[in-house]
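Only one structure is covered here, and it is reproduced in the block below.
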Amino acid sequence: QVQLVESGGGLVQAGGSLRLSCAASGSIFSIKAMSWYRQAPGKQREVVATVTSGSSTNYAESVKGRFTIARDDGKNTVALQMNSLKPQDTAVYYCHAVVQRTVIVSSLAFYWGQGTQVTVSS
């Protein structure tokens with residue numbers, strides 16, 4: 001079993017910054033990828049940023065240049081630094097991880113955090 005716990009959400013004025021963090025714990029052999037998703041009211045959940053075990057990153061076009069994802073493998077954490085926030089960034093942000101739980105490759109599974117609210121006011 002693996003648990004993901006997010007923190008750092010809150011209310012911020014447009015143009016401001018927030019830093020989200022996600023900590024993974026439990027039965028972890030290795031983490032193949034960690035991502036941040038978000039879901040706004042009435043909209044589908046979308047991927048915001050992803051970082052792989054090789055530290056390659058990908059960003060949604062809407063956040064490229066403003067958000068930065070970074071992982072600390074030693075601590076099994078991932079952070080999302082969000083700068084120049086816009087009202088359209090308002091959403092519940094979810095941490096997602098693809099985890100190999102044991103030395104057995106078939107132990108791969110994915111996990112979701114509970115989500116943290118980010119609200120950007122005009």
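Just so you know, residue 1 is the first one in the sequence shown, and it goes up from there. Keep in mind it's a predicted model, so treat the numbers as computed, not measured.
- Other residues, nucleotides and ligands contribute more than 12 heavy atoms inside 6.0 Å of the CD atom of Gln88.
- Distance alone, capped at 3.5 Å, is enough to place a donor-acceptor pair between the Ser107 side chain and the Thr102 backbone.
- The main-chain N or O of Cys95 is found under 3.5 Å from a side-chain atom of Glu6 such that the two form a donor-acceptor pair.
- Under the salt bridge (Lys or Arg N to Asp or Glu O under 4.0 Å) criterion, Arg19 pairs with no residue at all, not counting sequence neighbours.
- Applying the side chain to side chain donor-acceptor pair (under 3.5 Å) criterion to Gln13, with sequence neighbours excluded, gives Ser121.
- In the hydrophobic clustering, Val118 connects to Val2, Leu4, Val12, Leu18, Leu20, Ile28, Ile31, Met34, Trp36, Val48, Val51, Tyr59, Val63, Phe67, Ile69, Val78, Leu80, Met82, Leu85, Tyr93, Val99, Tyr111, Val120, either directly or through intervening members, whenever side-chain heavy atoms lie under 4.5 Å apart.
- The OG1 atom of Thr77 sits 4.5 Å away from the CG atom of Asp72 when rounded to the nearest 0.5 Å.
- The list of salt bridge (charged side-chain N to carboxylate O under 4.0 Å, His left out) pairs with a residue in residues 22-35, not counting sequence neighbours, is empty.
- Grouping Ile, Leu, Val, Met, Phe, Trp and Tyr by side-chain contacts under 4.5 Å, direct or through others, puts Phe29 with Val103, Ile104.
- Taking the side chain to side chain donor-acceptor pair (under 3.5 Å) definition, one finds that Thr116 meets it with nothing, sequence neighbours left out.
- When every heavy atom of Ser84 is checked against every heavy atom of Asp89, the shortest pair comes out as O-OD2, 4.5 Å.
- Rounding to the nearest 0.5 angstrom, the gap separating the CD atom in Gln3 from the OG atom in Ser27 is 8.0 Å.
- Residue pairs that meet the salt bridge (charged side-chain N to carboxylate O under 4.0 Å, His left out) test with at least one member in residues 113-122, sequence neighbours left out, do not exist here.
- Residues Val47 and His96 have side chains not in contact (no heavy-atom distance under 4.5 Å, counting atoms from C-beta outward).
- Note that the CD atom of Gln100 and the CG atom of Leu108 stand 5.0 Å from one another [nearest 0.5 Å].
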Applying side-chain contact (heavy atoms from CB on, under 4.5 Å), run through Thr90 and Arg38 and close with a yes or a no. CA-CA 9 Å; Thr90 296; Arg38 67 185 181 188; over 6 Å; no
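- Shown here are the ring-ring contact (aromatic ring centres under 6.0 Å, His included) partners of Tyr94, two or more places apart in sequence or in another chain: there are none.
- In this structure, the side chain to side chain donor-acceptor pair (under 3.5 Å) partners of Ser56, at least two apart in sequence or on a different chain, are Thr52.
- Under the salt bridge (Lys or Arg N to Asp or Glu O under 4.0 Å) criterion, Asp73 pairs with Arg71, not counting sequence neighbours.
- Here the SG atom belonging to Cys22 is positioned 11.0 Å from the CD atom belonging to Gln114, to the nearest 0.5 angstrom.
- Every salt bridge (Lys or Arg N to Asp or Glu O under 4.0 Å) that Lys64 has, sequence neighbours left out, goes to Glu61.
- Partners of Thr57 under the side chain to side chain donor-acceptor pair (under 3.5 Å) rule, at least two apart in sequence or in another chain, do not exist in this structure.
- Ser122 approaches Ala14 most closely through the heavy-atom pair CA-CB, 4.4 Å.
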